[in-house]
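Along the sequence shown, the residues carry numbers beginning at 1.
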Amino acid sequence: MKNEYEVIVDANILKRLSKMVGLFVTTTVGEESDKVVYLQFKNKKCNLYLENQFGAFDYCFDVNMGDFDKTVILDAKTFIEVVKNGSDNIRLILDDACVIFTFGKSKYKIPTLKGKLNKIEDKKDFLA
């Protein structure tokens, strides 16, 4: 049995955040590792984090979720494309292989990227 976690997120928050994600993606030169978005879910909050060679963006917001601690790494461009179509609440199903975004009659499956959170290991307040 797979470990799956469910989260409900306000689509308007994700849409606004996707604009900032888009700025980071378009200003990133070269490094593909900088074109990812980190989402950590813990204590009924989501911390969205990304960085590139020019700076970092870190935003924490409330979500509806169970009691778990899960971080996923997603391709930023794919994240933007999916989120821009969201409406009302977006339901996320998280597992080790993918994140499934569902809203209305739409369902999108984004593969999670493998690897460590090496860029944020020293970050002190990443949803402590």
Any chance you could measure [X], atom [atom1], to [Y], atom [atom2], to the nearest 0.5 Å?
X      : Y     : atom1 : atom2 : answer
Ile110 : Ile73 : CD1   : CD1   : 13.5 Å
Asn43  : Asp62 : CG    : CG    : 11.0 Å
Phe57  : Glu51 : CZ    : CD    : 13.0 Å
Asn89  : Asn12 : CG    : CG    : 9.0 Å
Ile100 : Glu4  : CD1   : CD    : 6.5 Å
Arg16  : Tyr59 : CZ    : OH    : 7.0 Å

Could you tell me which non-hydrogen atom of [X] sits nearest to which non-hydrogen atom of [Y], and how far apart they are?
X     : Y     : value
Val21 : Ala76 : CG1-CB, 3.7 Å
Ala56 : Tyr49 : CB-OH, 3.7 Å
Ala11 : Gly86 : CB-C, 3.9 Å
Phe24 : Gly55 : CE2-O, 3.3 Å
Ser18 : Val83 : CB-CG1, 4.1 Å
Lys35 : Val25 : CE-O, 4.1 Å

*Kindly assign one of parallel, tilted or perpendicular to the pair Phe101 and Phe79, based on the angle between their ring planes and the thresholds 30° and 60°.*
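Taking Phe79 first and then Phe101, their aromatic rings stand perpendicular (interplane angle over 60°).
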*With Cys46, the side-chain contact (heavy atoms from CB on, under 4.5 Å) member among Val9, Ile13, Leu39, Leu17*: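 Of the listed residues Val9, Ile13, Leu39, Leu17, the side-chain contact (heavy atoms from CB on, under 4.5 Å) partner of Cys46 is Leu39.
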_Pair Gln40, Asp69 - check side chain to side chain donor-acceptor pair (under 3.5 Å), show working._
CA-CA 7 Å; Gln40 182 188 32; Asp69 180 353; 3.3 Å; yes
*Among the clusters formed by ILVMFWY side chains lying less than 4.5 Å apart, do Tyr108 and Leu92 turn up in the same one?*
yes
Would you mind reporting whether [Y] and [X] have side-chain heavy atoms less than 4.5 Å apart?
X      : Y     : answer
Leu113 : Leu74 : no
Lys70  : Asp96 : yes
Val72  : Phe41 : yes

_Pair Asp10 + Lys15: basic N to acidic O under 4.0 Å_ = no
*Any chance CG of Asn85 has more than 12 other-residue heavy atoms, nucleotides or ligands included, within less than 6.0 Å?*
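Count over threshold, so yes.
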*Is a donor on one side and an acceptor on the other found under 3.5 Å between the side chain of Lys44 and the backbone of Met65?*
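Between the backbone of Met65 and the side chain of Lys44 there is a qualifying donor-acceptor contact (under 3.5 Å).
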*Determine yes or no for a side-chain-to-main-chain donor-acceptor pair under 3.5 angstrom, with Asp95 supplying the side chain and Tyr5 the backbone.*
no
*Verdict with supporting geometry, Val99 and Ile93, side chain to side chain contact (heavy atoms under 4.5 Å, CB included)*: CA-CA 6 Å; Val99 175; Ile93 303 294; over 6 Å; no
*Given the rule in the side chain to side chain contact (heavy atoms under 4.5 Å, CB included) test, do Leu94 and Phe68 qualify, once you have shown the distances and angles that lead to the verdict?*
CA-CA 11 Å; Leu94 317 170; Phe68 60 87; 4.0 Å; yes
